[in-house]
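Shown next, in structure tokens, is the structure this report addresses.
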2 protein chains.
Amino acid sequence: MRSNADDLTTRARIRDAAIGLFGRDGFSRATVRAVASDAGVSPGLVIHHFGSKAGLREACDQHVLKQTATQGREKADPGSTGRLIQDYLNNPEQYTEEIAYIRRSLGDESDAGDAFFDAVVTQCQDIIQTGIEAGTIRKFDNIRPVAVVIAANSLAFLTLGRHLSRTLGIPSPEPNGIGPDMLRQLTLPLLEIYTHGFYSDARFLTAAREALEGNNTNNGREHAP
Amino acid sequence: MRSNADDLTTRARIRDAAIGLFGRDGFSRATVRAVASDAGVSPGLVIHHFGSKAGLREACDQHVLKQTATQGREKADPGSTGRLIQDYLNNPEQYTEEIAYIRRSLGDESDAGDAFFDAVVTQCQDIIQTGIEAGTIRKFDNIRPVAVVIAANSLAFLTLGRHLSRTLGIPSPEPNGIGPDMLRQLTLPLLEIYTHGFYSDARFLTAAREALEGNNTNNGREHAP
DNA sequence: ATTCCGGTTGAACAAGTGTTTAACCTATGA
DNA sequence: TCATAGGTTAAACACTTGTTCAACCGGAAT
């Protein structure tokens, strides 16, 4: 995806270097000088092109957001989602910078992070809607909160990827912790829960339902983990 | 929990101020001067007590870790878990600083974050183990990856709490985004998935299983979201 | 009372930060 | 050919950062 270096305009090269550094070190730790050095350019030029460090971040936000938005639209076609994942698994390095950047945006307080999260939620909502109509996904009374839960669970693999691969004992070089090895170990357990459930019966569910319906004011009796 | 101010030793007051600021602004954005000011103390004294900013962080890490470890041990008693959650819901402000600090630790690269994540995983593992023996949780062949998945899903509520409450339209003052309103809206959907599953049948699961068993080399056919 | 020592401060320092400015180079258009 | 404009740089600026240092205070020990 990232073209092989200097056939890009200088402005784009600076932007890409900033995306890489912001994703790796975070917005505050990454310095204008480091961005300039990575782009092979003087610090002054960075300011000249983007006005300020905040302006540079704004440009990075918009670029990454546009980038992922087009991928999201392709993903809406249910057939291509498998192809997309396979594409990612075949050469994950392609997307690592964008992924790291998005993870940082989700953690930092950032408009881009907000937009990305909301996009994932609505995408989950669409998938659930069509899945219910197609009969592959169970029917839910109110799909909105279900979409939120599924989105959060899915994004956990992104925000916690480093810990997941670490705790699974996967040797580090998987970028962002999300790589073939990790997915191969966690896909089946997750799908099993998503298919047959986690609890053996409805005891926890009915208990929580009664507690929540009983007194709507405050104390909900909660699930185990 | 936090005692009401100045009955603490100066060192402890500095440490607590640092925990608050590190959690709110992140380690690099929070300055030694801000910590000193919050603790009503001079910047030099902070260094005098902790040697350096990194030393201060180390002390904060250890303190928060010890704090949550004792709570974790209490939580191991299955009966008290509900009590603990109810306790939290009744006055969440009590733990907000520790929670914010842990969230930052999970995102930043940090030994404390690693330790906390691993602790949550093993705690999930214990809960699943006893749950299986008690018959409340389905039997899994290999509980370790299941515990990792459950831990990641649970911690998603922590790392993404801000986005969850935001996307649900909950007015902001819920600390860290995790409050009664959010839990009330998401508990039942999550428990329903954990009880009856998300997919309507085993199509996705068997497809993934075949794909993973078929060629162990690389391409795993993945689930929808 | 005097000494001493740990907690504490204020000012200073050195390094690093984002940003500005004046000058430079190069290519394009008149 | 010359002037102009825009991309580019090196140096400087103003400020913040973590950290150091000498001095100060107050109380406990001698």
Side-chain angles (χ1 to χ4, degrees), chain A residues 3 5-64 101 104-105 107-112, chain B residues 3 5-64 101 104-105 107-112:
Chain A
S3 324
D6 30 32
D7 55 339
L8 289 163
T9 163
T10 308
R11 197 187 136 96
R13 238 182 339 149
I14 297 174
R15 193 226 310 120
D16 287 354
I19 290 174
L21 282 180
F22 287 164
R24 184 158 65 84
D25 303 334
F27 177 72
S28 61
R29 271 185 283 266
T31 73
V32 173
R33 281 173 171 82
V35 170
S37 159
D38 260 34
V41 123
S42 76
L45 193 61
V46 176
I47 302 296
H48 170 75
H49 274 300
F50 298 94
S52 69
K53 192 187 178 184
L56 173 59
R57 179 196 197 147
E58 189 66 30
C60 292
D61 282 356
Q62 290 182 355
H63 182 75
V64 171
Y101 190 92
R104 274 263 138 72
S105 300
D108 264 347
E109 216 150 310
S110 134
D111 291 348
Chain B
S3 323
D6 29 32
D7 56 340
L8 288 163
T9 163
T10 307
R11 196 187 136 96
R13 238 181 339 143
I14 297 175
R15 188 220 321 115
D16 286 354
I19 290 174
L21 283 180
F22 287 164
R24 184 159 65 83
D25 302 333
F27 177 71
S28 61
R29 272 185 283 267
T31 72
V32 172
R33 279 173 173 81
V35 170
S37 157
D38 259 34
V41 123
S42 77
L45 193 59
V46 177
I47 301 296
H48 169 75
H49 274 299
F50 298 93
S52 68
K53 193 186 179 185
L56 174 58
R57 179 195 198 150
E58 189 64 32
C60 293
D61 282 357
Q62 289 182 355
H63 182 75
V64 171
Y101 190 91
R104 275 262 138 73
S105 300
D108 262 349
E109 215 150 311
S110 133
D111 290 347

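Remember, it's a predicted structure, so these values are computed and weren't measured experimentally. Chain A is the first sequence line, chain B the second, and so forth, proteins listed ahead of strands; every chain is numbered from 1.
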**Any side-chain donor near an acceptor of the partner, B:Arg11 and B:His49, under 3.5 Å** = no

**Prompt:** Given atom CZ of B:Arg57 and atom C1' of D:dG18, what is their separation to the nearest angstrom?
**Reply:** 15 Å

**Message:** I'd like to know if B:Arg24 pairs up with B:Asp38 as an ion pair, taking the criterion as any Lys NZ or Arg NE/NH1/NH2 lying under 4.0 Å from an Asp or Glu carboxylate oxygen.
**Reply:** no

**Message:** I'd like to know if A:Arg33 reaches the base of C:dG18 with its side chain, counting only an N/O donor and acceptor under 3.5 Å.
**Reply:** yes

**Complete:** note: B:Leu45, atom CG; C:dT9, atom C1'; distance rounded to Å ~ 8 Å

**Request:** Check whether any side-chain heavy atom of A:Ile19 lies under 4.5 Å from a side-chain heavy atom of A:Arg57, and answer yes or no.
**Result:** no

**B:Arg29 CZ - C:dG18 P separation (whole Å)** = 13 Å

**Request:** Describe the nucleic acid contact of B:Ala30 in one word from base, sugar-phosphate, nothing, applying a heavy-atom distance below 4.0 Å.
**Result:** sugar-phosphate

**Message:** Quick check on D:dT8: is either OP1 or OP2 less than 4.0 Å from any side-chain nitrogen or oxygen of A:Thr10?
**Reply:** yes

**Prompt:** Any cation-pi pair here, B:Lys53 with B:Phe27, using under 6.0 Å and within 45°?
**Reply:** yes

**Asked** Taking for each residue the nucleotide of DNA chain C bearing the nearest heavy atom, is the 5' side occupied by A:Lys53 or by B:Val41?
**Response** B:Val41

**Item:** Distance in angstrom units between A:Arg11 CZ and D:dG6 P, rounded
**Value:** 15 Å

**Asked** Whole-Å distance between C:dG7 P and B:Phe50 CZ?
**Response** 12 Å

**Asked** NA contact type, A:His49, heavy-atom cut-off 4.0 Å: base, sugar-phosphate, or nothing?
**Response** sugar-phosphate

**A:His48 NE2 to D:dA11 P, straight-line distance once rounded to whole Å** = 20 Å

**Request:** For B:Ser42, report the nucleic acid contact type (base, sugar-phosphate, nothing); a contact means any heavy atom under 4.0 Å.
**Result:** base

**Prompt:** Between A:Ile47 (CD1) and D:dG7 (P), how many Å, whole number?
**Reply:** 16 Å

